[in-house]
Amino acid sequence: MEELSKAYEPADVEPRWYKYWLDLGVFKAGTERSAGKPTYVIPMPPPNVTGSLHMGHALGCTFQDVLIRHKRMQGYDALWQPGIDHAGISTQVVVERLLKREGKTRHDLGRDAFIARVWQWKEQSGGRISQQLQIIGCSADWERSRFTMDPDMSAAVREAFVRLHEDGLIYRATRLVNWDVESQTVLSDLEVEIEENVQGELYEFAYAVIDADPTAGAAELVVATTRPETMLGDTAVAVHPDDPRYTHLHGKKLKHPFVDREVPVITDAVLVDMAFGTGAVKVTPAHDFNDFATGKRHGLEELNIFNFDGTMNAQGGEFAGLERFKARKAVKKRLAELGLERGAKAHKMTLPRSQRTNSIVEPMISTQWFMKMAPLAEPALQAVRDGRVKIVPEEWVKTYEYWLTNIQDWCISRQLWWGHQIPAFHCQDCAHVTVTREDTAKACSKCGSSKLVQDPDVLDTWFSSQLWPFATLGWPAQTPDLARYYPAADMETGYDIIFFWVARMIMMGLYFMGDVPFKRVLLHGMVVDETGDKMSKVKGNTLDPLDLIHGASFETMVQKALPDAPVAEALTKFKKSYPSTAQMGKGFPAYGTDALRMTLCSYSPQAKRIALSPARVDGYRKFCNKVYNATRFALTYIKDEKPSGKPPENPKLLLNRWLLSRLSAAVTGSTAGIDDYRLDDGAKALYGFFWDELCNWFVEMTKPIFTDGSPEAQAETRATLVHCLEVVLRALHPYMPFITEELWQLLPKAVGHPASIALASYPTAADGRTDAEAESQMGWLTAAISGARTVRSEHGIKFSQRVPVELRSADAVVRQVLSDNSPMIQFLASTDGPPTVAEPSTQRPRGSTLNVAGDVEVLVTLKGHIDPAKESERIDREVNHVVKDIEVMQKKLANQNFVANAPTDVLSEARARLDSLKQQKTRLEAGRELVKELSE
RNA sequence: GGGCGCAUAACUCAGCGGUAGAGUGCGUCCUUCACACGGACGAAGUCGCAGGUUCAAUCCCUGCUGCGCCCACCA
């Protein structure tokens, strides 16, 4: 065997195995290997075709990969369905930007050429993210990968649209909608993000009253607005019917200062809050949602004053052609010139922005396609209420229910070119709209005319995404895959798309498949920086997962995160966002995929924010190194073993019985953690087992056996070591796929083992052996060793300085266990020969000091090394602790109510604890006499 | 305006009606033949504040304070 290097180098290991797995077909579902097995399915949330790997992907995909690898190892026919989303607006924006560099717009190319251009872009640079997901080890069935614009996906979209239309759930209507002036399309309510606490102003100006009665009151009406430019679309001014200030104006008309129009004064108790502003509200039905509703109540004209690009149209009169915000300035200027300005106040307001382009959303009246949601929402609510879909963590159920019970109809059309074109055809003769499954409608379904023009709009990207769980399996065709893999078991995703995606998939699954699309929804939090701030390009605190995996200097990283800022400034910002990098020098070492994955798993998925700490990733890199070195150590002893694949029969040695028992607990903990979507618990169970129990205790204990033990003892220990190591590597594999494969391949294994650890079975409790007796016996042993080490350390005795130790216990079994394992104690506590074991006694070796470690008294002879003053201090401190604890316990037990009401086990536990504390106190105080002796 | 969540060791976070935990960091010691990306030992917390329920509260309830998020058409 070639010599293994001293330290683990992930970069040398990781790239090799992914290809191996692909060649073996490890990730494929529905193979002969899995025939007749139960299925386990996770549909992967398809990343955007424009996307590149970020921490959110790394987090979600790691979680999903752990789940899928675990179930695959458990023998399920595991399908992780991958794919890519065509991401309508994002993609169109990206390609339009490229065109702009060539000095062109999409209109220069025309629709068909533009779409061809997007496809070309997609083939070249889209889908880079699939490659990146492979770097982090995702074991998805890539051969089944789907793109939401694939022909079969398009067919599914058309089928869904047509059926929903036939059933009256999709309709066309003219409404006030959210308009994105930059990408020039309508947006759904969900795609509008509201920026809060924006500093704006409340601007006041006066409308002159026509035919005012000068004796009744002022001849003008002052209104307050945050958007003065919209006054060009005012078709009324509303006051509260009960407002005494304006009673004289009821029924009057106002003169518009810029256009030839009279604006009526109306009374409306819904719209107007007397206490706000001037108590008079200008009403612009075509550009404000409240005003729109008011207009409907009063039959007001809806006057659109904007073009689709956000400039003023002809209704703007002298302001026509001006961009919205320029128009605002101009209007204010003119109002001032006309002497109509009445002041302005600072005002905190909210601003609606487009999720994709960040431009301020303009409410516009427009004819669009809508989906009626209330009838779809009801069954989706029911499915969660009756448990057919379980949402984990449960706290999100309320959010889900709130949205679905207050759901609004969904605007599904978009004025884009990239996407699924709406399968509706407008008749040029009779204006009837024909909706069809065919690529093109041949004749109007009403008048039979062949003069048909397809609706130019495309569907919201989420319209296709919502069909994902069944469209990827062949729907609407009734394929064997659809029958076998629908519904999925788990949907794992971020909580930010509960509404966009999760709820809609549940509605569509129930509607088209008659069954929920998945049994559980597992929701993870958002990855944020170390201080808890959202990762964003603006803040310069984004972390590229690949930089953590492959290593990167901070300079290259901040240049990516904040390309426009000076490096020094960006670096300062970055280090502020990640305080743990302060002592890291120039950058990240190559932590490796496994370290990153294990780190992500170590955070509780139910936390809303996951504050990623590079220092923590470093900790798990060290864990990888630990795993590597422990295996390297073990191999020197076990390389010629012929393991059976089962735990050794009847192990006699305590350390072997104990380790097998702990192994059972660890794999049970891991499986429970994964099943409960508490990967942190699962990962922690194995981490603790490996590092503390296997390495720090077991491996150290094997050393005296491998050097001086009997052949039988050595054989048994070798068998236990090789078995436990092989099992724990399997248990760790879903979390850390690469290093476990690398090391597992080096281990001797039972005959007939699979070609990859990824195909080996996931361990169960039966791979170890629960042994309560061994666990308590080991407790005495470790207590004795730690007790002796504590004394040594406190008195500054070097490890190389061997000292006599005597161990005492009143319990014959304890004494027996200590004697049986005395070579081990000698080795681990560096004692002068095997420790003597005795019953408690008032006699003590001269110059010895006593430490009480649970059931064992440890007497270490330190004459000549010991500092009596220090020892005295130590005893005082310990006694003080014990005395305090005793007081607490005594008080508790003196309470009659406690004695009467506490459960018996709690009571007896408390009594036992008090007894043991009292004994400890007695033993500690006996130590005071030793100090005297030492001083002599 | 509604709703949700968080506040535990210097940091990042678990936990839980009955002795406060981990990792990192910190201090001391150790290059003992897997690993210094290591080992041993240790110090460190009125579990945000104020009430209440209970025999017993870090945990349950109420209020407050400070953060964070989501939803909502107050000009």
Side-chain angles (χ1 to χ4, degrees), chain A residues 4 6-8 176 189 194 202 223-227 230 238 271-273 276-284 288-293 347 349-350 352 363 395-396 398-399 402-403 406 495-496 498-499 526 528 530-534 579-580 583 589 602-604 607-613 615-616 618-636 678 680-681 684 687-688 695-696 699-700 703 707 785-786 789-794 796-800 827-830 885 888-889 892 895-903 905-907 909-910 913 917:
Chain A
L4 291 172
K6 225 173 158 183
Y8 176 64
L176 195 62
D189 296 344
I194 301 198
L202 198 56
V223 294
T225 178
T226 56
R227 300 196 55 194
T230 61
L271 179 72
V272 182
D273 172 359
F276 189 89
T278 61
V281 188
K282 58 188 276 308
V283 182
T284 321
D288 181 281
F289 287 94
N290 279 315
D291 295 359
F292 183 76
H347 178 60
M349 49 187 266
T350 56
E395 64 185 77
W396 293 109
K398 272 191 181 172
T399 307
Y402 180 83
W403 188 67
N406 296 284
Y495 67 78
D496 53 326
I498 294 179
F499 307 143
M526 309 298 288
V528 297
E530 214 170 348
T531 64
D533 283 348
K534 235 180 193 166
S580 78
Q583 279 102 355
S602 76
Y603 289 93
S604 171
K608 272 193 176 176
R609 294 184 305 168
I610 293 176
L612 190 75
S613 162
R616 195 151 163 173
D618 196 48
Y620 285 101
R621 177 175 68 116
K622 290 175 178 169
F623 179 61
C624 290
N625 195 54
K626 194 75 187 172
V627 172
Y628 172 81
N629 272 297
T631 307
R632 201 160 66 95
F633 165 83
L635 280 171
T636 61
R678 285 304 304 259
D680 55 329
D681 286 345
K684 240 170 260 175
Y687 180 94
C695 293
N696 289 355
V699 164
E700 292 309 313
K703 287 175 181 173
T707 50
I785 293 164
S786 296
R789 283 169 171 175
T790 301
V791 172
R792 303 177 59 102
S793 179
E794 279 176 347
I797 313 300
K798 290 189 177 179
F799 191 79
S800 52
F827 182 80
L828 292 177
S830 188
D885 288 352
V888 170
M889 268 307 152
K892 202 166 191 176
N895 183 341
Q896 286 310 306
N897 285 321
F898 172 68
V899 176
N901 295 316
D905 55 326
V906 171
L907 195 58
E909 229 172 79
R913 170 142 176 86
L917 284 169

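Every chain is numbered from 1 and lettered A, B, ... according to where its sequence line falls, protein lines coming before strand lines. All heavy atoms count here, side chains included; hydrogens, waters and symmetry mates do not.
If you take CZ of Arg609(A) and C1' of G5(B), they are 10 Å apart, rounded to a whole angstrom. Between the CZ atom of Phe898(A) and the C1' atom of U19(B) there is a distance of 12 Å, rounded to whole Å. Nucleotide A34(B) holds its P atom 13 Å from the CG atom of Leu635(A), rounded to whole Å. If you take CG of Asp680(A) and P of G15(B), they are 7 Å apart, rounded to a whole angstrom. Summarising the geometry, the separation between CG on Asp681(A) and P on C13(B) is reported as 17 Å, rounded to the nearest angstrom. Atom pair Arg632(A):CZ and A34(B):P shows a separation of 9 Å (rounding to whole Å applied). The interatomic distance linking Phe276(A) (CZ) with A75(B) (C1') rounds to 6 Å, in whole Å.
The side chain of Met889(A) lies closest to U19(B) when the candidates are U19(B), U12(B), U32(B). The Phe633(A) side chain lies nearest to A34(B) when the options are A34(B), C41(B), G23(B). For Tyr495(A), taking side-chain heavy atoms from C-beta onward, the closest of the listed nucleotides G23(B), C69(B), G5(B) is C69(B). Side-chain proximity of Lys6(A) to A34(B), C35(B), C41(B): nearest is C35(B). The side chain of Arg678(A) has G15(B) as its nearest neighbour among U12(B), A75(B), G15(B). For Lys534(A), the side-chain atoms get nearest to C70(B) when compared with the rest of C70(B), G68(B), C41(B). Taking only side-chain atoms of Ala615(A), from C-beta outward, the nucleotide of U24(B), C37(B), A75(B) with the closest atom is U24(B). Listed candidates were G68(B), A75(B), A34(B). Nearest to the side chain of Thr225(A) is A75(B).
Rounded to whole Å, the P atom of G21(B) lies 14 Å from the corresponding atom of C16(B). Here, U53(B) and C59(B) have their P atoms 15 Å apart, quoted to the whole Å. C33(B) and G23(B) have their P atoms separated by 25 Å, with the value rounded to a whole Å. Taking the C1' atom of each, C13(B) and C70(B) are spaced 24 Å apart, rounded to whole Å. Atom name C1', nucleotides U12(B) and G18(B): the rounded distance is 29 Å, in whole Å. Nucleotides G5(B) and C74(B) are separated by 27 Å at their C1' atoms, to the nearest Å. Between U54(B) and C64(B), the distance separating the two P atoms is 23 Å to the nearest Å. To the nearest whole angstrom, the two P atoms, one in G25(B) and one in G63(B), are 42 Å apart.
Residue Val223(A) is classed as having no contact, given no heavy-atom separation below 4.0 Å to the nucleic acid. Within the nucleic acid shown, Pro579(A) has no heavy atom closer than 4.0 Å to any nucleic acid atom. Glu700(A) comes within contact range of at least one nucleobase, with a heavy-atom separation under 4.0 Å. In this structure, Cys624(A) reaches neither bases nor backbone, as no heavy-atom distance under 4.0 Å exists between it and the strands shown. Leu271(A) comes within 4.0 angstrom of a nucleotide base, judged by non-hydrogen atoms across all strands.
With sequence neighbours left out, Asp618(A) forms a salt bridge (charged side-chain N to carboxylate O under 4.0 Å, His left out) with Arg621(A), Lys622(A). Not a single salt bridge (charged side-chain N to carboxylate O under 4.0 Å, His left out) links Glu395(A) to another residue, sequence neighbours left out.
The base of U24(B) lies outside donor-acceptor range of the side chain of Arg616(A), with no N or O pair under 3.5 Å. No N or O donor and acceptor, one from the side chain of Lys398(A) and one from the base of C4(B), sit under 3.5 Å apart.
Each of Trp403(A), Phe499(A), Tyr402(A), Tyr495(A) was checked for a ring pair (Phe, Tyr, Trp, His ring centres under 6.0 Å) with Trp396(A), and the lone residue meeting it is Tyr495(A).
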* How does RNA chain B read in dot-bracket, base by base from 5' to 3', with Watson-Crick or G-U pairs under 3.5 Å and | used when the partner is on another strand? -> (((((((..((((....[..)))).(((((.......))))).....(((((..]....))))))))))))....

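For the pair Lys626(A) and Tyr687(A), the cation does not sit on the ring face, since its NZ or CZ is not both under 6.0 Å from the ring centre and inside 45° of the axis.
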* Carefully, step by step, assess Lys684(A) and Ser602(A) under the rule side chain to side chain donor-acceptor pair (under 3.5 Å). => CA-CA 7 Å; Lys684(A) 240 170 260 175; Ser602(A) 76; over 6 Å; no

* Apply salt bridge (Lys or Arg N to Asp or Glu O under 4.0 Å) to the pair Asp885(A) and Arg913(A), showing each step before the final yes or no. => CA-CA 9 Å; Asp885(A) 288 352; Arg913(A) 170 142 176 86; 3.3 Å; yes

